[in-house]
Structure formats: C-alpha cells, structure tokens
Amino acid sequence: MTHTEHFAFELLHVDRSTGARRGRLHLSHGTVETPAFMPVGTQGTVKGLTVDQVRSTGAEILLGNTYHLALRPSSELIAELGGLHRFMGWDRPILTDSGGFQIFSLGSFNKVSEDGATFKSHLDGSTVHLRPEDSIRIQEELGSDIAMVLDHVVALPASEDAVVDAMDRSVRWAQRCKDYASRPDQALFAIVQGGLHLDFRRRCANALMEIGFDGYAIGGLSVGEPPAEMYRILSGTCPVLPAAQPRYLMGVGTPIDLLEGVARGVDMFDCVMPTRNGRNALAFTKNGPLRMRNQCHARDPNPIEADCPCLACRHSRAYIRHLFQADERLGPTLLSSHNLTYYQRLMQQARRALENGSFSSFLGEQRLRLSGNIP
C-alpha cells in the first residue's frame, strides 16, 4: 500500500444519481473539504495576490510547480529557507505538480527517453535533465503535502502507438517515483494517462493501482479536446479508481467543467483560468462571465455580484472598469480575487448540495446558467 503518515481521505457521502462525492482530505498542513478547487501558484505565488488575499477567497490548498521552482530559485534554496510553505508564507496544504505537463507544453525544447526528459530551460536555454527520481527529490525538498509522480503527457490528437508508449512509460516512471519517495509526511499521487481511449485509461489505472498510491489523478485532458470527450473519459475512468482514495482532475477548467467533473466522481481540481481571466478583465459570475472593459459598466454603481464577499465586490463595476482602463495593477488583483472567490463558492455550493441531497437539481440549474457562457 502507501507509505504516508499525516494523510487520510474520508468519503462522507456519494450522490446516488450522479456518483458525485463529498469528502475530507487530511494532510500535514491541515484539512481540505472536497470537492476542492486549488488555485495555481506556479512560482510560489498566486499571481498578483498576497497569501492573505488568497486565504480570503476560501482556498484551503494551493498548487506549486516543480519545474519552475527547481529552475528558480531552486529547490535546494527553498529547502534551506524552511520549505515552500515557509518560503511563500502559506501555512495550509500545498500540492506540487511534477513537471510532466512542462514536458508536454515545452514540446519543442525537450526530448523524452526512458531515463527521463531533457529540457532547454525557458529562462536561459541551459540543458535540464529531469528523471522521475529528480522530480520526487525536488518535491521532497519543497516539502509539499502532496507530490505528483512524473508522467509523460502527449499532445492530442496522437497515434494509438504514441499514446500507449507514453502511458506505459508513465506507469514505469510512477513505480520509480514510488521506489524513490521517502518523506513520510508527503502523500504521493499517481497520474492516469491514456489519451481519449477508455480501454487505455482503464489499463493505466489498473497498473497504477497495483503499485499503490495515496491518490489518483487523471491527466492529459483539457489539452484541446471537446468538453464532451473529457466528460466521456471521466465517466469511464472514475468508477475504476479506488473509492476510498481521492481523485484529482488536472488543469481543469471552466466552472461548468468543474461541476461536470464533480458529477462524475472527481474530488480535486486546479486551473489557471480564474486568475488568468481576472488579469484580462473577465469576471466569472453565477450568470456567466462579464467583460469588465465593456462600456456598459462605465457608470454602473453595482458590484460584480451583490452577494459576493470578495475584495472586488466592495467596489462598483464602474470602478473595476476604470482600473483596467487606467492600466492600474489593482484591477487584475481585484478580479483575480473575485474569480477565485467565485470558484471557491461554487465548490462550497456543490458540497452543500451533496450534503442535503440536492446535487442533481443544483447541477441542472448550473448547466442552464453556465453552459455556453465559456470565455
């Protein structure tokens, strides 16, 4: 089984009509209510927000990135300064991504062999070699609560041979990650690959479950495939995964994607969408997105959302628009705060609906409100 102390997952409720789950994740730095959304703090910061501002959104766990932090300022330096929590001033749980997605997203700068991935650094062009063992060593130096195994992601569409080759390599790398991992206070999650082929996904999941991990992520989605394809893969993959362990859908997504993921049994999500859109003047709301640069907001005295407790909603739409028109840094900060708060409130509402047995009707209502309103 697994090696981890300070880690437990309580499954509190499963919705009969959908398979959605209400749970609780116990980690070294605290408890996370699930389903949960993790803001992305790639380089040890959620862009444009202080940790107090991130905390005020309701976030209970953040994501940091192995590849970026290893290059700058280096995991050794972060370890020397007391680990990533102390370095960035965040005392709640952190999950670190392994660098596998960077192998995919920096495709023209890397080559993958059985040993690992060789990159050109995006900072200075120097050569970086990342093996599964290196990824775990870096994450152990960072001291995150959850470490991810190093996986091989391929761009879709891809040939079946390419998908199987990367998937099988991901399983072998996962075994190497587990063999190397030594921190008893750090959970280790595996990543199910297999492209848009359900039989490959199930094969990969079974191979990873045989090795045994603390949790299981579904990777290699949200890379350009239609939402319906992602939902199909989730519907077929989640039921194969162990019910007693958390499931994490990586890099997803829009508000409706999150809820469709929850409906299919996913417990954890992360995405840059709320902050990236916030920096570009787009506000998520319960009735779909608003483009805050639009002239229609110029004299609007109302907040973005009347019942929202975020930092932005203490101000008028007119003021938020003015900040963007004037190119003031406060605009992106306030909208990032609003969007992250919106995502956290959406997850809170999903958890409440699961607790009181109304998730199906909640999902139906959100589909009507949000479908088609994707920026």
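The residues of the chain are indexed from 1 along the displayed sequence. Side chains are part of it too, since the values below use all heavy atoms of this structure and drop only hydrogens, waters and symmetry mates.
The structure places OG of Ser98 at 8.0 Å from CG of Asn65, a figure rounded to the nearest 0.5 Å. Atom-to-atom distance recorded for Glu328:CD and His322:NE2 is 6.5 Å, nearest 0.5 angstrom. Taking CZ of Arg276 as the start and NZ of Lys47 as the end, the distance is 8.5 Å to the nearest 0.5 Å. In this structure, NE2 on His68 lies 8.5 Å from CG on Leu123, to the nearest 0.5 angstrom. Arg369 contributes atom CZ, which lies 5.0 Å from atom CG of Asn287 (distance to the nearest 0.5 angstrom). Atoms CD and CZ, on Glu33 and Arg22 in that order, are 4.5 Å from each other to the nearest 0.5 Å.
Contact check for Asp199 versus Arg203: no side-chain heavy atoms found under the 4.5 Å cut-off. Contact of the Asp91 side chain with the His29 side chain is not registered, since no non-hydrogen atoms from C-beta on lie closer than 4.5 Å. With contacts defined as side-chain heavy-atom distances shorter than 4.5 Å, the pair Tyr248/Leu95 qualifies. The shortest distance between side-chain heavy atoms of Thr237 and Arg202 does not fall below 4.5 Å. For the pair Glu76 and Glu141, the minimum side-chain heavy-atom distance is below 4.5 Å. A 4.5 Å side-chain heavy-atom check between Gln344 and Phe37 finds at least one atom pair inside the cut-off. Contact of the Leu188 side chain with the Ile136 side chain is registered, since non-hydrogen atoms from C-beta on lie closer than 4.5 Å. Contact of the Arg201 side chain with the Met167 side chain is not registered, since no non-hydrogen atoms from C-beta on lie closer than 4.5 Å.
Judged purely by atom type and a 3.5 angstrom limit, Trp173 uses its side chain to pair as donor or acceptor with the backbone of Glu114. Between the side chain of Asp145 and the backbone N or O of Leu27, no donor-acceptor pair lies under 3.5 Å. Between the side chain of Gln245 and the main chain of Phe213, a donor-acceptor pair closer than 3.5 Å is present.
The heavy-atom pair separating Cys271 from Gly251 by the smallest distance is SG-O, 3.8 Å. Residues Val163 and Phe200 share a closest heavy-atom pair of CG1-CD1, 3.8 Å. In terms of heavy-atom proximity, Leu249 sits nearest to Leu221 at CD1-CD1, 4.1 Å. Contact record, Ile94 with Gly64: CG2-N, 4.2 Å, taken as the closest heavy-atom pair. Shortest non-hydrogen contact noted between Gly44 and Leu69 is N-CD2, 3.8 Å. Scanning all heavy atoms of the two residues, the minimum distance from Leu258 to Val252 falls at CD1-O, 3.4 Å.
Defined by atom type and a distance below 3.5 Å, a donor-acceptor pair is missing between the side-chain atoms of Thr275 and Ser336. Judged by distance alone, the side chains of Gln295 and Arg321 do bring a donor and an acceptor atom under 3.5 Å apart. With hydrogens and angles left out, the side-chain atoms of Asp124 and Ser126 include a donor and acceptor closer than 3.5 Å. In the model, Thr31 has a side-chain atom that pairs as donor or acceptor with a side-chain atom of His26 under 3.5 Å. If you check the side chains of Ser182 and Glu140, you find a donor sitting under 3.5 Å from an acceptor. With no hydrogens or angles considered, a side-chain donor-acceptor pair links Ser17 and Asp15 at under 3.5 Å. Counting only N and O atoms by type, the side chains of Arg169 and His152 include a donor and acceptor under 3.5 Å apart. No side-chain N or O of Arg317 forms a donor-acceptor pair with one of Asn302 less than 3.5 Å apart. No side-chain donor-acceptor contact under 3.5 Å links Gln53 and Thr57. Using modelled atom types and a 3.5 Å distance limit, the side chains of Asn356 and Ser358 yield a donor-acceptor pair.
In the hydrophobic clustering (ILVMFWY side chains linked at under 4.5 Å, chained through shared members), Ile320 is joined by Leu290, Met292, Ile304, Leu311, Tyr319, Leu323, Phe324, Leu330, Leu334, Leu335.
Evaluation of the salt bridge (charged side-chain N to carboxylate O under 4.0 Å, His left out) rule for Glu210 yields no partner, not counting sequence neighbours. Partners of Ala155 under the side-chain contact (heavy atoms from CB on, under 4.5 Å) rule, at least two apart in sequence or in another chain, are Phe104. Evaluation of the side-chain contact (heavy atoms from CB on, under 4.5 Å) rule for Cys310 yields Cys308, Ala312, Cys313, Ser337, His338, Thr341 as partners, not counting sequence neighbours.
Using bins of under 30°, 30° to 60° and over 60° for the plane-to-plane angle, the ring pair Phe119/Tyr67 lands in the tilted bin. Classification of the Phe189-Phe7 ring pair by plane angle, with boundaries at 30° and 60°, yields perpendicular.
Hydrophobic cluster membership is shared by Met88 and Leu77, with clusters built from Ile, Leu, Val, Met, Phe, Trp and Tyr side chains linked at under 4.5 angstrom. Taken together through direct or relayed side-chain contacts under 4.5 Å among Ile, Leu, Val, Met, Phe, Trp and Tyr, Leu25 and Leu12 form parts of separate hydrophobic clusters.
The side chain to side chain donor-acceptor pair (under 3.5 Å) analysis of residues 188-197, with sequence neighbours excluded, yields the pairs Asp151-Gln193.
Within 6.0 Å of CG in Asp327 there are 12 or fewer heavy atoms belonging to other residues, nucleotides or ligands.
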Hey, can you pull the donor-acceptor pairs under 3.5 Å for the side chains in residues 226-235, sequence neighbours left out?
unit_1: Glu229; atom_1: OE1; unit_2: Arg232; atom_2: NH2; d: 3.0
unit_1: Glu229; atom_1: OE2; unit_2: Arg232; atom_2: NE; d: 3.1
unit_1: Tyr231; atom_1: OH; unit_2: Asp257; atom_2: OD1; d: 2.6
unit_1: Arg232; atom_1: NH2; unit_2: Leu196; atom_2: O; d: 2.8
unit_1: Ser235; atom_1: OG; unit_2: Tyr231; atom_2: O; d: 2.9
unit_1: Ser235; atom_1: OG; unit_2: Arg264; atom_2: NE; d: 3.0

